[in-house]
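Remember, predicted model here, so these are calculated numbers, not experimental data. Sequence lines set the chain letters: A, B, ... in the order given, protein chains first and strands last, and positions in each chain run from 1. Excluded from the calculations below are hydrogen atoms, water molecules and symmetry mates; all remaining heavy atoms, backbone and side chain alike, are included.
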2 protein chains.
Amino acid sequence: MNKKINEINPQTLAFLAKCLADENRLRILFCVSKEKKSVSTIVEELQLSQPLISHHLKELKRSLLVNVERCGPFVYYELSDDRILSILEKLSELGDDLLKARISF
Amino acid sequence: MNKKINEINPQTLAFLAKCLADENRLRILFCVSKEKKSVSTIVEELQLSQPLISHHLKELKRSLLVNVERCGPFVYYELSDDRILSILEKLSELGDDLLKARISF
DNA sequence: TCAACATATAAATGTATATTTATATAATTA
DNA sequence: TAATTATATAAATATACATTTATATGTTGA
């Protein structure tokens with residue numbers, strides 16, 4: 001059975017969307033979507049400062065979008081749920097289509 | 001054929017997500033999701049000031065999430081694509097599940 | 001325990017954005 | 001055309017948030 005519209009809580013939804021509304025956080029999510037990665041690896045791959053990455057990882061953790069796991073001196077982050085990725089894909093596709101539709105008028 | 005991850009543009013995605021990251025804008029989207037409604041109707045239903053509604057409608061229009069149509073003195077807004085709603089439903093469901101999973105530990 | 005590395009946090013700064021208040025524009029009708 | 005209604009815009013304010021710089025904490029191995 002599917003969720004009905006009126007069961008949706010705009011507050012919860014806004015909280016999640018806010019976390020997804022930053023380009024760097026999205027890049028981090030994609031970065032850790034295939035496999036867990038250490039902070040230093042993410043820093044290297046995304047070419048952003050370590051404190052900035054740490055700050056965004058903290059936000060992503062607070063929003064429960066990533067799982068954290070310490071292993072020795074390294075801290076590994078990974079996507080907490082694969083649906084995150086599929087939702088972002090759908091949103092991206094929608095964005096593309098909206099843009100296409102606009103241009104074609 | 002589905003979209004691949006690497007085709008996703010984080011910038012476009014962040015732009016859309018930013019527009020969805022406000023509780024009042026989400027309420028407006030739900031408000032106009034079943035039928036087109038005039039600004040004054042939205043104002044009345046959501047109990048927000050008219051300039052605030054107008055401001056958010058402008059943002060929603062800028063992000064192509066709503067369509068606008070003038071009819072006499074009234075301006076009607078409606079959801080531009082039904083996928084918006086289904087994506088929001090999925091995101092909401094995900095949020096609920098993430099929360100449930102967290103509490104159960 | 002000390003040195004080196006990995007990550008997190010704090011303070012400071014700049015910028016973006018939500019909201020309110022006041023006013024302007026646009027359309028209708030008398 | 002004046003008055004009224006509907007909506008949009010502008011200015012002002014407050015707040016939230018991203019980023020940088022500096023520093024602290026935690027872990028490992030010598």
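Tested against A:Glu93 for a side-chain contact (heavy atoms from CB on, under 4.5 Å), the candidates A:Asp96, A:Asp97, A:Leu91 yield a single pass: A:Asp97.
OP1 or OP2 of C:dT7 lies within a sub-4.0 Å distance of a side-chain N or O belonging to A:Ser40. One finds a side-chain N or O of A:Tyr77 lying less than 4.0 angstrom from the OP1 or OP2 phosphate oxygen of C:dA8.
Under a 4.5 Å side-chain heavy-atom criterion applied to ILVMFWY residues, the cluster that includes B:Tyr76 comprises B:Phe74 as well.
Look at CG on A:Leu60: it is 12 Å from P on C:dA8, rounded to the nearest Å. Taking atom CG of A:Leu57 as the reference point, atom P of C:dA6 lies 16 Å away to the nearest angstrom. C:dT9 atom P lies 8 Å from atom NZ of A:Lys61, rounded to whole Å. If you measure from atom CZ of A:Arg27 to atom P of D:dA18, you get 15 Å, rounded to the nearest angstrom. Atom CZ of B:Arg62 is separated from atom C1' of C:dT17 by 11 Å (rounded to the nearest Å).
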What string of B, S and - do you get for nucleotides 18-30 of chain C 5' to 3' if you count protein non-hydrogen atoms under 4.0 Å?
SBSBB----SS--
In a table with atom names and distances, give each donor-acceptor pair under 3.5 Å that connects a side chain of residues 43-53 of chain B to protein atoms at least two apart or in another chain.
{"unit_1": "B:Glu45", "atom_1": "OE1", "unit_2": "B:Lys37", "atom_2": "NZ", "d": "3.1"}
{"unit_1": "B:Ser49", "atom_1": "OG", "unit_2": "B:Leu52", "atom_2": "N", "d": "3.3"}
{"unit_1": "B:Gln50", "atom_1": "NE2", "unit_2": "B:Ser54", "atom_2": "OG", "d": "3.1"}

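Not counting sequence neighbours, A:Arg70 has no partner by the side-chain hydrogen bond (donor to acceptor under 3.5 Å, both in side chains) test. A search for salt bridge (Lys or Arg N to Asp or Glu O under 4.0 Å) contacts involving B:Glu69 returns B:Lys36, not counting sequence neighbours.
The salt bridge (charged side-chain N to carboxylate O under 4.0 Å, His left out) contacts involving residues 56-66 of chain A comprise A:Glu59-A:Arg62, where partners must be two or more places apart or lie in separate chains.
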